[in-house]
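I have placed the structure first, in the form of structure tokens, so that the comments after it can refer back to it.
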2 protein chains.
Amino acid sequence: MKKDSKQEIAYQFIRSRITEGIYVQGQRLVIDTLGKELNLSPIPIREAIRRLEAEGLVTIKAYSGAVVSFIDEKEYFEVLSTLAALEGYAVVTSISQVTIEQIGELHEINLQIKEALHQFNFNGYIKLNKEFHLCTIKYCTNKSLFNLIEQMWEKLDTIRRLKPMYFPTRAPEAISEHEKIISLLETKQPSFEIEQFIRKHHLAAIHEYNKNVTSS
Amino acid sequence: MKKDSKQEIAYQFIRSRITEGIYVQGQRLVIDTLGKELNLSPIPIREAIRRLEAEGLVTIKAYSGAVVSFIDEKEYFEVLSTLAALEGYAVVTSISQVTIEQIGELHEINLQIKEALHQFNFNGYIKLNKEFHLCTIKYCTNKSLFNLIEQMWEKLDTIRRLKPMYFPTRAPEAISEHEKIISLLETKQPSFEIEQFIRKHHLAAIHEYNKNVTSS
DNA sequence: ATATTTTAAATTATATATGATTTGATATAT
DNA sequence: ATATATCAAATCATATATAATTTAAAATAT
């Protein structure tokens, strides 16, 4: 049972405050204040903030201090657009590994997604939607690709918490599109068709957003 | 003219030592030694190493120290495979922005690539090849996507320096494939065709590598 | 001779103090 | 009243010292 170093404690604390939306974008992170709050000296705080800077969550201005990074709302859709390309690709490169078990699991998650929609459980919906998509690439053997996709899902989560804005879910359509995705996987349809469908599934949220923004 | 902080100096120093292959994978990075070498106290060294850890270049084991990260040779091809998907996508999403100037620039770079090959200038070839590919996505408006692709090219460069292994170039084929890419862009061929050609262009190196590895 | 334990050395992790820089408040000039 | 300069406060950045941990070497036991 290895005890976390102080630096690690500070990192986890600050990081979760950011990803949970408690620290808002633009908020100053004052090293002395954080040190007092956590009963640590400034050094482990500074190291933790350096790590968070490298992850893009925090922006450090030399000699001025650190703030929670500002997020341009475009970024959500840029990441989503990039994810659209990668996820489709990851799914088709692991299509030969698809199992009956995985198909069953996807069906199960999609049932839970539908239930979350019926219960007006937005957070549950978002969490399960991510699970569904990560399940589609479960057997992706390209570790770099898998990790990158995971990081992108995390990034989307973080932006949603940091940036109050409208995030389109298209829940009813998405749920039925999930069923289609499962079907495409189960029947091992041509790679192109699978890749394009998954890509369009994600890009549809961007179109939805643009439709709403231009009409208001 | 802003003077770099000591932390920044340490970061740049260590980072370039790694990316230039002077520090080899697995090499211990001893904080005191680096501090003496740079005439700095341990704190800015530690902060720099934290940043490098977050970039994956360095692996820190708590209380034991930092080493230059080990690279699994698979990673090169995993990153290249992921890049294949992303670059094709980035090119087709910015196809409408292609200019005569860009086409001319691509031709020019490819001429220089051919010259580097004739002069047995491996490093020049690698550098120009990267330039060529970054030029194909020059007008990509999705900043996240552009930055990600740039980072991946950097990653490939770093792995090549850190990991002594065979890296297939297929130089003559690659050069003529570049010409084909330029032609596809110039004539605004269908997105699918462009995307697939670029993807296959990159994946061909992986096939080449596998061919050579299984035959030896 | 080999295995285990103990000790010493090397290095990491962090506290505290101090120097450096930026920001904000106040005073002065126009 | 507004603009500029000066000063003070807040905070950052880092040096130095100390505590903590790991690793390697030496001593002891089998």
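In what follows, chains are A, B, ... by sequence order, proteins preceding strands, each numbered from 1.
- Side-chain proximity of A:Ala62 to C:dT12, C:dT14, D:dA13: nearest is D:dA13.
- For an aromatic pair to be called close, the ring centres must be under 6.0 Å apart, and A:His207 with A:His202 fails this.
- Minimum atom distance to the side chain of B:Pro42 is reached by D:dT16, of the listed C:dT14, C:dT12, D:dT16.
- Here the side chain of A:Asp72 pairs no donor or acceptor atom with the backbone of A:Glu75 at under 3.5 angstrom.
- Using a 4.0 Å heavy-atom criterion, one finds that A:Ile49 contacts no nucleic acid atom at all.
- Rounded to an integer number of Å, the gap from B:Leu40 CG to C:dA20 P is 15 Å.
- Under 4.0 angstrom from either OP1 or OP2 of C:dT23 there lies at least one side-chain N or O belonging to A:Lys61.
- A salt bridge links B:Arg17 with B:Glu37; the closest basic N to acidic carboxylate O contact falls under 4.0 Å.
- Using a 4.0 Å heavy-atom distance criterion, B:Leu34 is classed as making no nucleic acid contact.
- Taking atom CD1 on B:Ile43 and atom P on D:dT14, their separation rounds to 10 Å, with Å as the unit.
- You'll find that the side chain of B:Val30 is closest to C:dT11, out of C:dT14, C:dT11, D:dT14.
- Checked against salt bridge (charged side-chain N to carboxylate O under 4.0 Å, His left out), A:Glu105 has the following partners two or more places apart in sequence or in another chain: A:Lys138.
- A straight line from CG of A:Asn39 to P of C:dT14 spans 13 Å, rounded to a whole angstrom.
- Phosphate proximity of D:dT23 to B:Ser64: present, with a side-chain N or O under 4.0 Å from OP1 or OP2.
- Going from atom CG of B:Asp32 over to atom P of C:dT12 covers 7 Å, rounded to whole Å.
- As judged by a 4.0 angstrom heavy-atom cut-off over every strand, B:Glu47 is placed among residues making no nucleic acid contact.
- Per the geometry, NZ belonging to B:Lys6 stands 13 Å off P belonging to C:dG19, to the nearest Å.
- Taking the charged nitrogens against the carboxylate oxygens, A:Glu195 and B:Arg199 do have a contact shorter than 4.0 Å, which makes a salt bridge.
- In this structure, CD1 of A:Ile60 is placed 16 Å from C1' of C:dT21, rounded to the nearest angstrom.
- Per the geometry, CD1 belonging to A:Ile31 stands 14 Å off C1' belonging to C:dT22, to the nearest Å.
- In terms of phosphate contacts, B:Arg46 brings no side-chain nitrogen or oxygen within less than 4.0 Å of OP1 or OP2 of C:dT12.
- The distance from atom CG of B:Asp4 to atom P of D:dA13 is 13 Å, rounded to the nearest whole Å.
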